[in-house]
Colleague: 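I have a structure I would like to understand better, so I am pasting it below and will then ask my questions one at a time.
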Amino acid sequence: MGQTGDPDRWWHGGVFYQIYPRSFADSNGDGVGDLPGIISRLDYLERLGVAGIWLSPVTVSPNRDWGYDVADYCDIDPDYGTLADLDTLVRAAGRRGIAVLLDLVPNHTSDQHPWFVDARSGPTATYRDYYVWSDPSPGGGPPNNWVSIFGGSAWELDGASGQYFLHNFETQQPDLNWWSEDVRESFDDIVRFWWDRGVAGFRIDVCNMMIKDAELRDNPPATADDPIEQRLMGVKSVYNSDRPEAHDILMRWRALADTYAPGRLLIGETNVEQLSVLAQFYGSGNDELHGGFNFPFINAPLDAGAMRTIVERTETLLAPGAWPIWTGSNHDVSRLATRWAGGDLSRVRCALLLLLTLRGTPFLYQGDEIGLTDGPIEQTDVLDAVGIRFWPHYKGRDPERTPMPWANAPGGGFTEPGVPTWLPMGDPTACNVADQEAEPDSVLAFTRRAIALRTGSDDLSVGPYRSLSSPEGTWAFVRGGHTTVVVNMSDAPQAISALRGTVTLGTDRALEGTAVEGTLEMPPWSGAVLER
Ligand code: NOJ
């Protein structure tokens with residue numbers, strides 16, 4: 001319970017941190033990160049000031065899609081450790097005030113999951129109905145025109161039965177049939193299994209996609225106005241995604257979450273283009289997801305006008321009581337230091353300042369806090385199946401998944417010297433944690449100060465958001481009663497007027513302590529928090 005008496009304040013005011021476990025910290029010298037590695041870095045996370053961590057999947061997986069193809073939802077993959085390690089992590093993190101979110105992958109399993117192995121054994125198999133099967137279309141071939149997100153038809157022929165099964169991602173990731181009550185009950189058991197172990201909640205993979213049109217209707221053709229992905233696929237994802245019945249499943253889990261005290265969190269990977277559609281995942285504000293990732297924001301350029309518009313629309317569209325989620329990087333998109341900032345640290349600081357001061361919970365991705373850019377990936381390094389398939393047009397998601405550089409040392413402090421890492425380490429001399437620890441004005445030091453300021457301020461933790469008018473290329477807003485945030489997101493100096501307060505945080509430290517009564521002169525790509 002926080003100072004305001006609001007039981008949700010711990011996560012509303014808190015900052016979450018996404019860990020990609022394979023690339024975070026390797027404790028046993030095999031070149032792959034693991035749970036004991038994460039435990040060994042909890043002191044770092046505590047000092048950073050985060051309230052929670054989200055772990056990309058650590059459950060058993062043959063790694064066709066690096067953990068997002070689950071073969072056992074209730075056990076830890078041996079690459080990462082054991083269930084006992086997970087329990088230790090949850091307890092050790094809890095002692096430091098850090099909650100643990102796991103990644104729940106309900107849209108599909110691995111083709112090696114025992115359910116699918118059984119389902120494939122024939123039309124009368126016990127688990128047949130756990131998956132989406134269909135006869136060929138009347139003229140032969142796949143049942144309809146649905147296309148996999150990862151390329152090609154979303155249907156795979158099972159030669160033995162003559163039926164097709166659905167896979168919205170890799171062929172090795174068969175989609176579950178969420179019309180089945182048995183599937184729903186199995187997942188009730190899975191979420192309870194983890195919640196009973198003290199896990200605080202889940203990030204839910206492609207939760208907007210879980211349920212498909214019951215009649216398996218053809219998708220309509222894409223038009224010139226559609227986003228690039230749909231134009232490339234040739235069809236709009238109308239019937240294999242974003243079906244209204246997905247909300248019933250999420251509301252069912254919310255009801256389950258609310259049976260725990262304190263309640264457990266549900267944060268959705270709501271990868272939708274329309275903010276109005278995102279808003280629907282919050283239900284009436286307290287009966288569906290606690291939070292949904294804002295993909296229009298992630299996908300926006302680092303541009304004051306574009307971002308402010310998205311934030312204002314989000315603020316308008318969310319139901320009262322609903323709480324936004326802001327993020328700039330994850331394991332599927334180029335890191336913000338590359339994509340938004342082009343490696344420029346002033347831009348990185350502006351992006352971090354925004355993420356850490358908007359109304360809503362920020363999710364930093366590992367490395368954001370030190371301004372880590374994408375790793376160098378050559379064609380021979382590529383492990384992401386999508387990168388292998390589409391190289392060189394699309395190089396896949398390996399660049400944002402390279403190991404965390406902890407130190408300017410062989411192995412980067414990620415693993416032991418001389419050990420080959422699962423993806424290339426990159427050059428840890430350029431950017432690493434240890435060097436930034438020693439530098440009082442580093443990006444890491446700035447991120448720490450921003451998190452501390454946010455956590456200690458009612459305005460920044462839970463205060464309402466209000467835009468202020470400001471010159472083009474800048475963004476100014478008020479949080480709560482006493483706090484103003486101003487960011488110059490342009491290449492020119494800018495003067496922002498009608499301000500009052502003292503700068504308590506600046507991307508440029510020289511600004512801090514300045515008392516402003518009227519106009520603040522801001523260098524290009526700089527930002528400040530003023531309090532009064
Ligand atoms: C979204 C995950 O973030 C991504 O990594 C994965 O490939 C797909 N969902 C399929 O699970």
Side-chain angles (χ1 to χ4, degrees), residues 16 18-24 54-73 77 101-113 116 131-132 146-152 154 156 166-176 178 187 190 202-212 229 233 237 240-242 246 266-273 278 281 289 291-295 298-299 325 327-335 339 363 365-366 374 377 382-390 394-402 422-423:
F16 278 67
Q18 181 191 354
I19 290 180
Y20 194 71
R22 224 173 170 76
S23 286
F24 193 60
W54 148 34
L55 311 184
S56 277
V58 288
T59 38
V60 178
S61 169
N63 288 327
R64 176 71 197 181
D65 189 19
W66 300 105
Y68 287 94
D69 46 328
V70 178
D72 184 345
Y73 286 95
D77 193 284
L101 303 186
L102 295 184
D103 210 313
L104 183 70
V105 187
N107 179 69
H108 46 266
T109 69
S110 160
D111 63 351
Q112 293 179 37
H113 193 292
F116 191 70
Y131 295 88
V132 184
W146 295 357
V147 174
S148 157
I149 307 285
F150 286 171
E156 181 75 5
L166 179 70
H167 60 92
N168 264 318
F169 294 90
E170 289 290 302
T171 310
Q172 294 82 356
Q173 294 170 290
D175 277 44
L176 284 161
W178 275 94
F187 270 82
I190 291 164
F202 297 102
R203 171 269 191 186
I204 309 168
D205 194 59
V206 286
C207 64
N208 55 312
M209 207 177 226
M210 277 189 284
I211 199 150
K212 325 290 166 344
E229 297 79 23
M233 290 196 290
S237 299
N240 61 336
S241 191
D242 300 326
L266 297 169
I267 309 291
E269 190 208 10
T270 37
N271 194 346
V272 296
E273 285 140 27
L278 168 64
F281 285 88
L289 291 180
F293 284 99
N294 192 316
F295 278 80
I298 298 171
N299 295 330
I325 305 286
T327 194
S329 311
N330 63 39
H331 63 290
D332 291 330
V333 292
S334 165
R335 292 177 177 133
R339 191 169 36 87
F363 275 65
Y365 179 54
Q366 65 184 47
D374 290 342
I377 295 290
V382 178
L383 294 178
D384 178 16
V386 197
I388 294 170
R389 185 165 307 131
F390 292 115
Y394 173 58
K395 296 184 176 174
R397 300 165 292 177
D398 296 311
E400 55 264 27
R401 298 176 177 181
T402 52
W422 79 288
L423 279 176

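Numbering starts at 1 and runs along the sequence shown. Note that ligands are numbered from 1 as they come in the structure, with each ligand's atoms numbered from 1 the same way.
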Colleague: Quick one about Ser61 and Asp77 (side-chain donor to acceptor, distance below 3.5 Å, no hydrogens or angles considered), yes or no?
Modeller: no
Colleague: For ligand 1, which atoms sit closer than 4.0 Å to a heavy atom of His108?
Modeller: 10 (C), 11 (O)
Colleague: Which atoms of ligand 1 sit under 4.0 Å from any heavy atom of Asp65?
Modeller: 6 (C), 7 (O), 8 (C), 10 (C), 11 (O)
Colleague: Please verify whether a non-hydrogen atom of Arg401 lies at under 4.0 Å from ligand 1.
Modeller: yes
Colleague: Please identify which atoms of ligand 1 are closer than 4.0 Å to at least one heavy atom of Asp332.
Modeller: 1 (C), 2 (C), 3 (O), 4 (C), 5 (O)
Colleague: Among Arg397, Arg22, Gln18, which residue satisfies the side-chain hydrogen bond (donor to acceptor under 3.5 Å, both in side chains) criterion with His331?
Modeller: Gln18
Colleague: Check whether Gln172 reaches the backbone of Asp111 with its side chain - one donor and one acceptor, N or O, closer than 3.5 Å.
Modeller: no
Colleague: Could you check, using the six-membered ring where one of them is a Trp, whether Tyr20 and Trp66 have ring centers closer than 6.0 angstrom?
Modeller: no
Colleague: Determine, step by step, whether Tyr68 and Ser56 satisfy the side-chain hydrogen bond (donor to acceptor under 3.5 Å, both in side chains) criterion, reporting the C-alpha distance in whole Å, the side-chain angles of both residues, the deciding distance to 0.1 Å, and the verdict.
Modeller: CA-CA 8 Å; Tyr68 287 94; Ser56 277; 3.1 Å; yes
Colleague: Is it true that Met209 lies under 4.0 Å from ligand 1, counting heavy atoms only?
Modeller: no
Colleague: What atoms of ligand 1 come within less than 4.0 Å of a heavy atom belonging to Glu269?
Modeller: 1 (C), 3 (O), 9 (N)
Colleague: Is it the case that the side chain of Arg389 and the backbone of Phe150 share a donor-acceptor pair, with hydrogens and angles ignored and the cut-off at 3.5 Å?
Modeller: yes
Colleague: I'd like to know if Trp66 contacts ligand 1, where contact means a heavy-atom distance under 4.0 Å to any ligand atom.
Modeller: no
Colleague: Hey, are Tyr73 and Thr109 close enough side-chain-wise for a donor-acceptor pair under 3.5 Å?
Modeller: no
Colleague: Using a 4.0 Å heavy-atom threshold (strictly under), name the region of Phe150 that reaches ligand 1: side chain, backbone, both or neither.
Modeller: side chain
Colleague: Using a strict 4.0 Å cut-off to heavy atoms of Arg397, name the atoms of ligand 1 that fall inside it.
Modeller: 4 (C), 5 (O), 6 (C), 7 (O)
Colleague: Can you pull out the closest protein heavy atom to atom 1 (C) of ligand 1? Residue, atom name and distance to 0.1 Å, please.
Modeller: Asp205 OD1, 2.9 Å
Colleague: Assess the side chains of Asn168 and Asn240: does a donor N or O sit below 3.5 Å from an acceptor N or O?
Modeller: yes
Colleague: Distance under 4.0 Å to a non-hydrogen atom of His331: what atoms of ligand 1 satisfy this?
Modeller: 2 (C), 3 (O), 4 (C), 5 (O)
